[in-house]
2 protein chains.
Amino acid sequence: MCKFFLTYANTSSYMNNTTLKKISEILGLSISTISRALKNHPDISDKTKQRVVELAETLDYEPNANAINLRTSNSKLFGLIVPSISNWFYNAFIASVEEESRKNGYSLMILQSGDDPLIEITNLKLCRQNRITGLFVCISPDTTNIEPFLKLKELDIPVIFFDKVPEINNCNKVCVADSLSATMAANAIVNKKKKKVLGIFGNPHLLITKKRLEAFQNTINEKVNKIKLITDHASSSVEAEEIMLRHLKEKPDTIFCMSDEILIGAMKVVQQKGLKVPQDIAVITISNGGAPKLYYPEITYVETSGHKLGKLAFSSMMACLGGSTFIQELTIESLLVEGGSL
Amino acid sequence: MCKFFLTYANTSSYMNNTTLKKISEILGLSISTISRALKNHPDISDKTKQRVVELAETLDYEPNANAINLRTSNSKLFGLIVPSISNWFYNAFIASVEEESRKNGYSLMILQSGDDPLIEITNLKLCRQNRITGLFVCISPDTTNIEPFLKLKELDIPVIFFDKVPEINNCNKVCVADSLSATMAANAIVNKKKKKVLGIFGNPHLLITKKRLEAFQNTINEKVNKIKLITDHASSSVEAEEIMLRHLKEKPDTIFCMSDEILIGAMKVVQQKGLKVPQDIAVITISNGGAPKLYYPEITYVETSGHKLGKLAFSSMMACLGGSTFIQELTIESLLVEGGSL
DNA sequence: AACAATTTCGCAAACGTTTGCAGCGAATTT
DNA sequence: AAATTCGCTGCAAACGTTTGCGAAATTGTT
């Protein structure tokens with residue numbers, strides 16, 4: 001045995017990875033015995049187990065995930081495709097899914113598409129090549145063809161769409177309550193007896209924008225005490241800034257922002273003009289909670305929690321893996337978080 | 001052939017993944033021929049190639065990455081371990097590394113440790129089990145034992161430490177210019193003839209804090225026109241807020257923030273007190289560029305670019321893979337970006 | 001027509017694991 | 001003493017690829 005050990009010590013610079021075979025040769029046992037010993041199989045005696053585990057540790061054995069996946073065809077790996085990880089909401093979502101995955105013995109392959117449908121497809125291929133067990137995906141705004149994603153279902157790979165979901169029906173989706181959260185924000189404004197609201201919304205051809213705009217408008221307009229509502233669209237923080245500057249002449253008493261990005265643009269103008277919040281102008285937004293806390297007073301917001309959405313997406317995934325063929329379209333509830341801005 | 005095709009079409013619900021073997025049986029060719037045809041090997045005739053590629057496409061063939069990695073023992077996969085992805089700087093770093101990786105045919109396994117050394121070790125194991133080709137790692141503040149990371153080098157797996165790097169010498173590191181960037185900020189302050197500076201620094205036992213504090217102090221103090229310097233430490237945004245409030249009585253004319261987190265805390269107090277920047281108080285920070293753009297006027301900052309650091313880390317990685325055994329400790333240059341806050 | 005050269009392809013081993021099955025020695029039962 | 005059990009371990013196939021080598025089929029050369 002000592003001889004064997006020396007031999008392997010010498011060749012360690014060439015064969016740099018410990019394998020079951022290597023351990024088996026040193027110990028004079030078969031590969032299968034080593035494999036079973038390491039996973040505490042009842043067939044193997046305690047003496048043997050101890051010897052094996054000990055050597056495995058000193059040799060710093062790490063099982064080869066590729067071999068295991070190949071053999072068992074169960075990768076215990078989820079794919080997660082997102083337009084960008086540089087985003088508070090997605091950050092929270094990812095952290096949440098990752099935590100759950102880790103706790104349940106899965107790992108996570110995070111891929112970002114940079115809003116490029118081509119990269120998105122590349123990422124999808126990568127997921128398939130790595131034989132993922134399931135996929136979480138938030139499609140980019142420019143993605144028109146979701147066929148490739150649906151194809152995974154034929155391969156028995158569950159797909160959970162989150163946040164930006166396709167408009168078709170036969171797929172699992174988890175979303176924030178787009179309409180409801182806008183309604184809640186509108187109600188908060190109404191309750192505060194505001195008179196003139198500037199609502200800044202996002203890219204007008206996104207589904208999320210349409211939903212929020214419609215719900216917001218309806219809620220504001222259904223009130224008897226007529227509130228004047230000005231709406232406009234901004235696709236970026238800078239555009240939101242311009243819109244704020246343009247509409248400030250009309251003296252709104254309240255600003256509603258559909259997203260963090262828009263809030264940030266709007267708040268730059270608030271600072272620039274030296275406006276007091278909420279005395280000169282009230283502000284309310286829809287957010288995961290990161291951006292509103294940047295300001296003083298903290299901005300009142302309707303929370304759409306990436307963290308909660310992650311939990312929901314994960315449990316939906318587990319349900320699919322558990323054999324549920326029930327297609328679900330889930331929504332997390334929203335919550336009004338009071339800052340001092342309204 | 002038609003018979004074969006039907007057979008496979010029927011069993012498609014069971015055997016849900018196309019393999020080389022499947023294609024070979026349908027086409028009546030050997031597995032090796034299929035393999036070669038798909039990678040455009042010169043041994044295979046154009047006719048055959050065409051037939052193979054065509055069928056592979058209709059059958060939606062995707063190579064099994066696990067099998068390939070097992071066979072070739074070249075995973076073309078980098079690991080990236082970071083305390084948290086919820087961070088502008090790391091976001092930029094990751095995006096940069098990911099882009100380069102994709103362009104060079106590598107994929108990236110992103111893992112976050114949540115500043116927990118135990119999860120960090122778990123993540124490291126995951127990387128090893130997946131037989132990564134190389135590792136980018138930013139150690140968490142509480143990590144004391146970097147042995148496990150260094151062990152990778154014995155396995156011929158390059159390790160590039162970035163941002164938070166260990167203090168030992170025999171490892172590859174890429175960093176932002178901690179001392180230099182603090183010096184640049186200090187010089188900018190001196191040039192503006194400021195008289196009384198409040199410097200808010202991070203967690204005092206982090207190397208980065210020590211370096212920045214020392215450089216900042218030295219630069220401020222070496223000037224003949226004595227500048228009064230107050231320094232304090234904050235480990236979070238909220239602490240920075242408290243410190244600001246506490247020291248505001250001493251009427252500093254300038255605030256220096258060591259990081260985004262601290263800037264955000266400080267700026268909340270600026271907003272709270274209705275201070276005009278830069279008239280009432282000047283502000284300068286060190287940042288990747290995200291946070292300074294949240295405010296009006298935009299905050300003047302010394303840029304430490306996550307994007308550039310990513311590029312540097314990647315090229316350092318490629319150098320290692322290219323066979324360079326030269327241990328390098330690289331630093332990206334900083335850059336003063338003028339906002340209107342100083 | 002015979003031979004060489006070239007094109008085209010298949011065989012089989014290997015990568016590192018898991019796992020059903022069988023083997024074997026010893027202890028217990030009949 | 002033979003048969004049965006039980007505890008421990010090994011054999012061998014399989015997962016899906018890649019690739020060196022050899023063989024067959026085709027072409028070109030005399």
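Residue numbering restarts at 1 for every chain, and letters A, B, ... go by the order of the sequence lines. Quick caveat: nothing in here was measured; it's all calculated off a predicted structure.
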J.: What string of B, S and - do you get for nucleotides 10-16 of chain C 5' to 3' if you count protein non-hydrogen atoms under 4.0 Å?
T.: BB-BBBB

J.: Would you say A:Ser45 places a side-chain N or O within less than 4.0 Å of OP1 or OP2 belonging to D:dT9?
T.: yes

J.: What pairs of donor and acceptor atoms, side-chain ones from residues 73-85 of chain A against any protein atom, are under 3.5 angstrom apart with sequence neighbours left out?
T.:
from	atom 1	to	atom 2	distance (Å)
A:Asn74	OD1	A:Lys76	N	3.4
A:Ser75	OG	A:Leu77	N	3.4
A:Ser75	OG	A:Arg131	O	2.6
A:Ser75	OG	A:Thr133	OG1	3.1
A:Ser84	OG	A:Ser86	N	2.9

J.: Please report the distance, rounded to the nearest Å, between CG in A:Asn74 and C1' in C:dT19.
T.: 15 Å

J.: Just wondering, more than 12 heavy atoms not from A:Gln328 lying within 6.0 Å of its CD?
T.: yes

J.: Once you round it to whole Å, what is the distance between P of D:dT19 and NZ of B:Lys39?
T.: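 Distance, rounded to whole Å: 6 Å.
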
J.: May I have the distance from B:Arg51 (atom CZ) to C:dC9 (atom C1'), rounded to whole angstrom?
T.: 12 Å

J.: Quick check: does any side chain N or O of A:Lys49 sit under 3.5 Å from a backbone N or O of A:Lys39, one acting as donor and the other as acceptor?
T.: no

J.: Just how far, in rounded Å, is C1' of C:dT17 from CG of A:Leu38?
T.: 12 Å

J.: Among B:Leu27, B:Ile34, B:Thr33, B:Asp43, find the one that has a side chain to side chain contact (heavy atoms under 4.5 Å, CB included) with B:Thr48.
T.: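 When side chain to side chain contact (heavy atoms under 4.5 Å, CB included) is applied between B:Thr48 and each of B:Leu27, B:Ile34, B:Thr33, B:Asp43, only B:Thr33 qualifies.
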
J.: What is the separation between atom CD1 on B:Ile44 and atom P on D:dT19, rounded to the nearest whole Å?
T.: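 Whole-Å distance recorded here is 13 Å.
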
J.: Would you please classify the geometry between the A:Phe136 ring and the A:Phe93 ring as parallel, tilted or perpendicular, with 30° and 60° separating the classes?
T.: perpendicular

J.: Let me know the distance between CG of B:Leu27 and P of C:dC9, rounded to the nearest Å.
T.: 11 Å

J.: Are A:Glu99 and A:Lys103 within salt-bridge range, i.e. N to O under 4.0 Å?
T.: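 Looking at A:Glu99 and A:Lys103, the cut-off is met.
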
